[in-house]
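See below for the structure under consideration.
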Amino acid sequence: MRLSLSSIVKKSIMAVTGLALCGFVLAHMAGNLQIFLGQDALNAYAAKLQHLGPFLWLMRIGLLVCFVAHIVTAALLTVENRLARPSPYLHQATVKATFASRTLPMTGLIVLGFLIYHLAHFTFKLTHPEHAHLSDALGRHDVYSMVVLSFREWPVSVAYVAAMVPLCLHLSHGAASLFQTLGLRHERYQPAIRCAARGFALLILAGNSSIPLAVLVGAVKLPGGA
Amino acid sequence: MNLKLVVWRQAGPQDKGRAVTYEARDISEHMSFLEMLDVVNEGLLSKGEEPIAFDSDCREGICGMCSLVINGVAHGPERGTATCQLHMRKFKDGDTITIEPWKARAFPVVRDLTVDRSAFDRIVQAGGFVSVNTGNAPDANAVPVPKTVADLAMDAAQCIGCGACVAQCKNASAMLFVAAKVSHLALLPQGQPEKQRRVLDMVARMDSEGFGNCTNQYECEAVCPKSISSSFIARMNREYLAASAARQPERREEGGY
Amino acid sequence: MPLPDAKIPSGPLEKKWDKHRFDLKLVNPANKRKYHVIVVGSGLAGASASATLAELGYRVTCLCFQDSPRRAHSIAAQGGINASKNYQNDGDSVYRLFYDTLKGGDFRAREANVYRLAQVSGAIIDQCVAQGVPFAREYGGYLANRSFGGAQVSRTFYARGQTGQQLLLGAYQALSRQISSGGVRMLVRSEMQDLVVEDGRAVGIVTRDLVSGKLASLSADAVVLASGGYSSVFYLSTNAVGCNVTAIHRAYRRGAYLANPCYTQIHPTCIPVNGDLQSKLTLMSESLRNDGRIWVPKAKGDRRAPADIPDAERDYYLERKYPSYGNLAPRDISSRSAKEACDDGRGVGEHGRGVYLDFSEAIRRLGRATIAERYGNLFEMYERITGEDPYQVPMRIYPAAHYTMGGLWVDYNLMSNVPGLFVIGEANFSDHGANRLGASALMQGLADGYFILPYTIGDYLAQKKKASPAPEAPVFRDVERESSERLGRLLEAKGRTPSDVFHRQLGKLLWDKCGMARNARGLKEALAEIPRLRERFWKEVSVPGTGESYNRALEKAGRVADYLEFAELLCQDALHRDESCGGHFREEHQTEDGEAKRNDEAFSYVAAWEYKGVGAPAALHREPLVFENVKPGQRSYK
């Protein structure tokens with residue numbers, strides 16, 4: 001089962017890919033928040049991304065590699081960890097492990113599930129084909145309207161907000177943990193790292209949830225105020 | 001006080017094992033947990049039954065031999081304490097206490113609550129030493145070591161090798177044990193010449209023994225009888241990654257004579 | 001067989017060891033791997049010897065009864081290790097360490113051995129530092145020292161309160177290195193059952209694998225016993241519960257002489273016994289006596305809480321009896337005074353076997369913070385064990401058996417009277433005389449293992465003509481059969497009494513009659529009682545299960561059986577030594593101040609006992625102690 005990679009190397013793969021994915025999540029959120037700047041801003045941003053050409057593909061491949069490496073390594077580690085304790089304790093208890101750390105594999109799986117749904121929704125446009133071909137006044141793909149129309153359906157919005165909670169938990173453990181794994185720990189900065197990781201996770205939760213919530217309460221409307 | 005004990009009994013490594021319930025009667029709150037088990041065992045012996053096998057030796061928290069998971073927590077409810085220094089005043093009359101052995105693939109059960117921790121010895125044999133033959137040493141004061149460094153090395157060196165870190169970790173990871181030895185020797189000037197080889201070899205041995213991987217939950221440091229900090233794990237990760245990146249290929253020694 | 005020559009080299013004291021080393025025969029480096037040495041025990045002495053012998057090129061097999069060599073009881077030593085480095089520039093020297101050790105042992109040790117111990121002490125510290133032992137350091141980065149056990153110089157090196165642990169781990173790591181390179185074969189959970197002697201020479205041992213229960217013969221060119229002391233003959237002691245006399249007692253039964261068994265050391269500051277089923281006594285550092293005041297109520301049976309007893313009704317007995325040393329009186333005096341107070345019915349605590357060690361005055365004078373800084377970790381440990389807060393109520397302390405100076409007789413080469421059988425560390429009798437100084441046990445264990453035995457064993461091996469028999473030889477088969485029969489007898493007893501019950505009874509008997517203070521009447525009573533207890537043991541002991549499995553009850557019963565034989569020798573020696581010296585205090589022989597009164601005219605010798613059968617009195621051999629450099633004097637602490 002064990003590949004020739006040592007446990008610390010595998011953990012480092014988790015940490016490095018995790019760091020890259022944290023960066024992606026942050027950038028992705030920052031891009032999406034442009035919805036609050038209006039239709040033109042968001043659609044322009046989306047169009048710019050589309051026109052990056054080979055660079056876009058480079059990013060996509062990089063992202064895919066990170067995701068796959070993160071998930072495959074996690075699966076490997078989890079299998080090894082299960083094998084390391086073949087029979088569980090009759091009486092199970094923990095002393096200081098946080099809820100986020102204990103649920104890390106579970107939140108990871110939920111996030112993965114959400115990710116597939118999210119790709120099917122906005123990237124491959126399988127769940128709402130009716131929003132696939134909207135275009136704005138400049139002939140650009142109308143991402144803004146697509147998002148607003150989707151999030152007006154409350155089950156979709158609720159699903160998005162609900163998925164951000166496990167993502168937040170996953171990040172709050174993972175973002176602090178990667179410093180430990182990469183050996184970037186110093187007792188003086190340790191509390192700050194832990195705080196920053198939690199802050200980062202909450203920021204992602206708040207930022208990403210704000211979009212569907214804003215649509216749902218009508219703060220973000222279709223162009224023309226509909 | 002009277003207690004109900006749910007004790008793991010297992011005839012040997014091949015046996016499946018099972019939980020057996022015993023009554024512990026008239027236990028004084030001043031007794032240590034192991035003395036309470038001694039009483040139960042004497043009761044079994046006077047009935048001609050085989051006593052519950054558990055490891056213990058010094059009974060003052062330093063030899064690292066005692067190894068019980070008590071109500072799901074390695075060494076029981078008191079922090080910074082080995083099982084032998086846990087006292088019954090931490091329990092109440094009528095309590096039910098579940099007592100299990102360390103459970104890990106790398107620590108096979110020998111009998112009942114006794115496990116085989118020779119994997120730890122093999123990890124140390126892989127490189128947890130300074131290669132200095134007797135008689136080789138220069139004067140003890142030849143190399144000054146800053147007090148803060150010596151103190152930090154001592155924090156790591158005081159590991160008693162009990163294996164509670166493995167027992168409590170949900171992945172049965174031995175990172176805290178290995179990190180303590182790697183850090184102790186990597187901090188001191190005497191440990192420098194073999195620093196890279198040591199961390200690489202010890203981690204390789206740890207992996208091949210079948211321990212799990214660290215998921216940074218820090219349960220290990222919470223149950224460690226010596227409260228060894230998980231910051232040593234970060235230090236080992238750093239040492240390991242640096243050594244992996246920088247290690248020189250070893251040269252074969254040319255023939256002597 | 002008469003006692004062989006002790007092989008003490010001639011010439012001036014300071015040249016003896018050098019001269020001897022030159023005179024020792026050497027084994028050619030290429031031949032060393034042809035010799036196989038068995039080391040029994042993996043404590044400071046055993047681990048350091050195994051590692052060093054393997055470094056030299058010998059093939060070594062080391063065994064221990066624990067699950068790892070790192071668990072040996074050397075690990076529990078707290079205080080420190082002495083060395084005459086004179087780093088503090090306070091006038092220490094090899095001669096001063098030698099003199100202090102000899103005087104501390106009440107002039108009952110060999111001058112030459114003790115001097116050699118002091119000579120090699122410095123090299124031990126060098127070796128340990130090179131291994132990475134994190135000794136305490138000053139801010140400049142140089143090694144820190146403290147004074148210990150009443151020494152007037154600071155020569156004790158320490159690593160927090162865990163010096164023994166760190167030194168043992170250093171030796172364990174050196175041993176681990178040799179195990180990985182194939183120089184040492186390590187057998188864990190293995191117990192020596194017997195010594196195999198052929199034509200008067202030790203040629204191997206029979207061991208039992210404690211997990212499988214299988215007996216096995218190991219043939220060797222030399223056997224080294226490093227199996228520690230026998231304090232747990234008292235049942236309750238500061239020793240580990242697994243410590244036992246079996247290895248040295250079995251060797252004694254095979255013809256090795258046991259020397260000075262009555263020299264046992266009692267430590268004054270332990271946490272008192274709490275109930276009949278206690279298994280272990282925990283030591284509290286002696287340093288507590290620097291600030292604590294020891295007292296008991298003046299009135300017998302005074303059961304009031306300590307705070308309710310006014311100062312006028314307290315007896316600060318050490319301050320009263322020894323005004324100049326007060327609470328800092330030496331270990332033996334302090335221990336005996338506590339016993340006297342308790343025997344007088346003035347002991348405190350639930351069972352009346354304890355005295356108060358009171359910090360209330362020191363807390364008032366220095367403040368709680370200062371006391372916490374000095375003794376915080378000890379106070380914490382006390383509270384963990386007793387559940388009482390020593391900042392609020394006085395500690396209760398009582399003496400406990402702690403170390404044994406006696407052991408198998410060895411010559412200057414650390415070889416017993418059985419050629420090929422070497423004995424090192426606490427298991428031999430050699431260096432501490434009748435009383436051991438604080439921080440000297442670690443020094444002796446490592447001196448023997450790192451720097452003495454590795455030279456002297458070569459002298460025997462170089463001259464050894466005949467190869468040892470193979471493990472299949474009849475001599476091994478016979479001993480194996482005897483061991484197996486003995487285990488069989490324990491299993492067949494089919495009694496209903498756990499061996500711990502007998503051990504507790506034996507321990508109590510010895511503690512009362514052959515403990516801190518002894519007299520002829522009590523010793524005779526003990527000598528009459530022990531055979532009766534032994535007889536009952538063999539009839540009534542409960543050992544369920546089989547010999548072919550992991551059987552803790554069988555293990556324990558075998559050790560108790562040996563203690564029940566050994567105890568008789570202990571009492572016989574104590575009865576024969578009709579004087580007081582060091583840890584051996586005969587009530588008939590004391591000064592008006594209650595100090596031990598030696599009788600140098602009659603007893604300035606080592607008593608080496610020869611086995612004559614179970615229950616039969618052992619035969620005495622005397623090795624006179626010759627003092628060429630030092631004139632024995634009398635101690636006074638008034």
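Computed from a predicted structure; not experimentally measured. Here is the naming used below: chain letters follow the sequence lines, and residue numbers restart at 1 for every chain. FYI, side chains are in, hydrogens and waters are out, and symmetry mates aren't considered; it's all heavy atoms of this structure.
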*Give, for atom OG of B:Ser229 and atom CG of B:Leu176, the distance between the pair rounded to the nearest 0.5 Å.*
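Answer rounded to 0.5 Å: 8.0 Å.
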Which region of [X], side chain (C-beta onward) or backbone (N, CA, C, O), has a non-hydrogen atom less than 4.5 Å from a non-hydrogen atom of chain C, or is it both or neither?
X: B:Asn41; answer: neither
X: B:Gln85; answer: both
X: B:Met31; answer: side chain
X: B:Asp201; answer: neither

*Contacting moiety of C:Arg384, where chain B heavy atoms sit under 4.5 Å*: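 When you check distances to chain B, atoms from both the backbone and side chain of C:Arg384 fall under 4.5 Å.
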*With a 4.5 angstrom heavy-atom cut-off, could you sort out which part of C:Lys85 is near chain B: side chain, backbone, both or neither?*
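C:Lys85 touches chain B through side-chain heavy atoms alone.
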*asked:* Main chain of B:Pro193, side chain of B:Arg198: is a donor-acceptor contact present, judged purely on distance under 3.5 Å?
replied: no
_Quick check on the interface: out of B:Asp38, B:Leu188, B:Ile160, who has the most heavy-atom pairs with chain C under 4.5 Å?_
B:Ile160
*How would you list, by chain and number, every residue that makes a ring pair (Phe, Tyr, Trp, His ring centres under 6.0 Å) with C:Tyr455, sequence neighbours excluded?*
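Here the qualifying residues are C:Trp17.
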*Are C:Arg396 and C:Tyr382 in a cation-pi setup, meaning NZ or CZ lies under 6.0 angstrom from the ring centre and within 45 degrees of the ring axis?*
no
*Set of salt bridge (Lys or Arg N to Asp or Glu O under 4.0 Å) partners for C:Glu55, sequence neighbours left out*: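 With neighbours one apart ignored, the set is C:Arg177.
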What side-chain donor-acceptor pairs closer than 3.5 Å can you find for residues 167-176 of chain C, not counting sequence neighbours?
from: C:Tyr172; atom 1: OH; to: B:Asp121; atom 2: OD1; distance (Å): 2.5
from: C:Gln173; atom 1: OE1; to: B:Lys181; atom 2: NZ; distance (Å): 2.7
from: C:Ser176; atom 1: OG; to: C:Tyr172; atom 2: O; distance (Å): 2.8

*asked:* For residues 129-139 of chain B, give me every residue with a non-hydrogen atom less than 4.5 Å from any non-hydrogen atom of chain C.
replied: B:Phe129, B:Val130, B:Ser131, B:Val132, B:Asn133, B:Thr134, B:Gly135, B:Asn136, B:Ala137, B:Pro138, B:Asp139
